[in-house]
2 protein chains.
Amino acid sequence: MARPERKTVRDVRKGNRGMLLRTLYFGGPRSRHELTGLTGLSAATISTMTGDLLTEKILMEAGQVDSDGGRPRVLLRVNPVYAYLIGVDVAETHVRVELFDLEMTEKARVDYTLRPSHHDIELVARRILAGIDVVLADGQVTAAQVLGVGIGVPGIVERGASDALIHAKTFGWDGVPLGALMRAGTSLPVFIDNGAKTMGQAELWFGAGRGADHAVIVLIGSGVGATVVADGQAVRGTSNSAGEWGHTKIEMNGRPCRCGSRGCLEAYIGAEGLLARAGVPAQTTDWPSALGRVLADGGPVVDETLTYLGTGLANLINMLNPERILIGGWAGLMIGERHLDQIRVVVGENSLTQPYNATSIVLGELGPDAVAMGAATLVLEEFLDASAPLRLHVAS
Amino acid sequence: MARPERKTVRDVRKGNRGMLLRTLYFGGPRSRHELTGLTGLSAATISTMTGDLLTEKILMEAGQVDSDGGRPRVLLRVNPVYAYLIGVDVAETHVRVELFDLEMTEKARVDYTLRPSHHDIELVARRILAGIDVVLADGQVTAAQVLGVGIGVPGIVERGASDALIHAKTFGWDGVPLGALMRAGTSLPVFIDNGAKTMGQAELWFGAGRGADHAVIVLIGSGVGATVVADGQAVRGTSNSAGEWGHTKIEMNGRPCRCGSRGCLEAYIGAEGLLARAGVPAQTTDWPSALGRVLADGGPVVDETLTYLGTGLANLINMLNPERILIGGWAGLMIGERHLDQIRVVVGENSLTQPYNATSIVLGELGPDAVAMGAATLVLEEFLDASAPLRLHVAS
DNA sequence: CATGTTAGTTCAATGCGTGAACGAAACGGC
DNA sequence: GCCGTTTCGTTCACGCATTGAACTAACATG
C-alpha cells in the first residue's frame, strides 16, 4: 500500500517543472503559449518557469514561428548540451561505455573486449572507470557536466536496503556490490540495472514503445527476459527481479533448462535452446548465422518455436493486458522479422479475445546496442523527474 | 509514460490530507503528536488539518492517554459513522447487497437468489437497486450519508473511454453497460469491477495482504483468477482485464479448457477441472464436499494438482517478484489448508532462488464473502484519496 | 501610423506547510 | 498548595507556489 510522501508547496514546483521538461523533451520545440495548453499550467507559471530554466541553460530558444497576424511565438527546447549522460553495457564478451548528450545523441564510445571466464568484478569495474575517462576525453566533456552513469549488467540486480547487489551466475557474480566499487572510483551518481531492463527502458522511451502506458518488452537472445510496464512505470517487484519471463514454465516435465529446472520458456525459444533443438552442433560459435539458417530452412522445429513463443506471449497478454508487446533481442528480432504474422495467429489462439484485441504486437526498433542507451536513460529519468534546482555533480 | 497532472498548492493539501486519513484509518487511534512522526508533517499542519477534519466530523476524539509527566495526549480516530459504503456481490446464484460503515463493519445485508439462466441484466440491476433501498432502511441510513456503491461482477469489466462495459460469458452479458443502468436508478456514485478483483482488494486492505506493496492474490474457485499488486496499486492493464491467470497456458496441448483453448491452468487447478480429473461425476452439485473427499483421499490427481498449482505460482514469482502471494477462493483455501507446505516445496523447485526467497506464500484470511466488502473498498479508496472538502452525495 | 491580434510578463491575491513563540494540561518535589 | 518541568497542542508571520487580470511586446494590415 505504497503510502504517498508528505508534500510541501515546493514539491508542486518540482513536479510541474518535471512535467514541463518532459513535455518539451518529448514534444519537440514548443512556444510558451503552446505549453500552457500542453501542461495545463497558466501562462504566468509557464513564463516564470521557462524563465528560470532558460537562465539555468536547461532550455534554449529554438527560433520563431509566425502566428498569423500577431507577435511571433518563440520556440523553446531542451538544451542538448546542457549536460551529458554516460551509459555502460556490461555483456559476456565486452564492456562498452558510451557518452550521450541530453538528446541521446552519441558523442563518444569505447569498447573493451572481455575474454570468456575473465569476468572478475575488479577488472570490469576498472574497465568501466577507464572507459568513463576515455569517453569524457574523446567527447571533450568534463565530469562536472555529466549527470550520472547508468550501467546495464547481466543477471539480477537486487536492490536491498543498502547498496545494489548483483547476482550473475554466468559471470560467477554472487552478490557483487558493483555500485560501491564504482563510487570508490568516481563521484558521479551511479545507476545500475539489469541489461534486459535497460534495453526495455530504451525501447519504451525512444523505440517502438513510445507513448505506451501498459507494455511488455520481451528480449530474446541466448537468454530470455522481459520488462513489464504498468501505468507507465516499470514493474520491478519487491527485490527488483521481476521480469524473468524466460524461466516461467510452459510445459510440465519439459526440456531441461540451464537454470536447473524443466520446461522453461527459455529452453524452447532462447537461441541456445532453439539451436540445440534444431540439431545445430553445440560447438557452433556464430549463433546468429546458425539461427538464420534454421529459420530459412523452416521445418517442425521452427513451427514449434513459434507455437511456444506465441503461447508465452499469450500468457503475458492474459495476465497483464498490455496495450503493446515489443519483441526485441537479436534472436527475437530475427524470428519476428520472418514470422511476426504467424506469431500473431498463435497468440490469438491462446489468449482471451478481449485482451488480445487490445494488444498490438510489434518488433523492437532498437538493436541490441540499446543496452547502454537504456542505461543512460536511467540517469535521464532521474534528471527529468527531479531536475529541481539541479545540482551538477563534482568531478571525481 | 503516464505523465503527471498539473499540480497546484491545493493538491498538496489534498494529498497530505489523504495521507493523514490513511494513517489514522489503518494506524488505529493516534494523538496529534504521534501523527507528526507518522506523517512527516509539522505539528502546525497536523493541528490545522485535524481541526478541519474534526469540524467536518470525519474524525472524532477517542479518549486520552497519559504521557509520563506531561499533558496527556488526545487520541483521534476516523469516525466510523461519518458516512457509509455499499458493496454488491453479483454472483452466479445470487445478488448480495451489503451496507458498511466507514470501518467496514457490516450494518445490513440482503440476498436475492438468482435462478440459473435468469441473469437478465435488467433484472440484476433491479435487484441491486432494490437491495440498496432495503439495506438503507434496515441500517437506518439515508442515501445522503452513503459515499457510493461498489459492485463486484463476474467476467471482464472493460473500462473504455465512456462507461464500463461488462463481458460475462456465463451470464450471456456481452458489453453490458451496468453502470449506466445503475445511474438511471440512483444518484449515488457507482464503482464496478470484477468480483475476483474486489476480493483481492479486500484481502489486500483488510486480509492477509495488509501492508504488502508487491503481492499477487490468486482466487481459485470453479474458475481461477488473480489480482496483481505492484507498488501498492492493482495492475489493471490497458482495458482492465489483467489478471486472467487461469487462462495462462501451463502445458502445451494440454487438457481442453472451457475457454475453448487447451492447457490452461484453470483446467487443472480450477475446481471444475480438478473434480473432472478426479473422476467426480459431472452432475455432482455439492462441489465443496466433493473436493473435500478428493483431497482427503489423496492420490496422484491431488499430487498432480499441487504440482500444477505450485508451478503456476512459481511463474508468478519469476515474472512479478511479489513479496507475498495469497491463496484464496473456496477451492484455493481448501487445497491450501491441507497442502500449503507441499505447495511451497513445488514453488521452490520451479522458481528462481532470488525471487523465491523474497516471497511468502500464505492463505487468504477472508472467505468468499469478501467480494462485496472488496467492492465497497473501491468506494473507500476513493474517499481516502480524494476526500478533500468532501461532498456527500444527494439521495436518489 | 493607427488598429487589431497574438505572445509573453508582471503583480496582487490566495493557499499551503513550517518554525518559533506561545498556551494548555498534566506531574513531582517541597 | 505552589512552582518548575515536561509534554502536547495552537497561533502567527514567513516563504513559496499557482493564478487571473492587467499590462507590455511584437508582429500584420490597411
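Since we're looking at a predicted model, the values are computed, not measured. Lettering follows sequence order; numbering is per chain, from 1.
Residues passing the side chain to side chain contact (heavy atoms under 4.5 Å, CB included) test with B/A202 are B/L366, B/A370, B/M373, sequence neighbours excluded. Scored by the side chain to side chain contact (heavy atoms under 4.5 Å, CB included) test, A/Q64 finds A/P72, A/V74 as partners (sequence neighbours excluded). For B/A180, the side chain to side chain contact (heavy atoms under 4.5 Å, CB included) test picks out B/D163, B/P177, with sequence neighbours left out. Residues passing the side chain to side chain contact (heavy atoms under 4.5 Å, CB included) test with A/R10, sequence neighbours excluded: A/T8. Scanning for salt bridge (charged side-chain N to carboxylate O under 4.0 Å, His left out) contacts around A/R71 gives an empty result, with sequence neighbours left out. Contacts of B/Q201 classified as side-chain hydrogen bond (donor to acceptor under 3.5 Å, both in side chains), with partners at least two apart in sequence or in another chain: B/E381. A/E103 meets the salt bridge (charged side-chain N to carboxylate O under 4.0 Å, His left out) test with A/R77; sequence neighbours excluded. Residues that satisfy the salt bridge (charged side-chain N to carboxylate O under 4.0 Å, His left out) test with B/R324, not counting sequence neighbours, are absent from this structure. Considering only residues two or more places apart in sequence or on other chains, A/T23 meets the side-chain hydrogen bond (donor to acceptor under 3.5 Å, both in side chains) condition with none of them.
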Grab the N/O contacts between the protein and nucleotides 23-27 of chain D below 3.5 Å, and write none if there aren't any.
unit_1, atom_1, unit_2, atom_2, d
D/dA25, O4', A/R71, NH1, 3.4
D/dA25, N3, A/R71, NH1, 3.3
D/dA26, N3, A/R71, N, 3.3
D/dC27, O2, A/G69, O, 3.3

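Extent of DNA chain C lying under 4.0 Å from chain B heavy atoms, first and last nucleotide in 5' to 3' order, is C/dG15 to C/dC27.
Contact check of residues 34-41 of chain B against DNA chain C (heavy atom, cut-off under 4.0 Å) returns B/L41.
Among the heavy atoms of the strands lying under 4.0 Å from B/V9 is at least one base atom, whether or not backbone atoms are also near.
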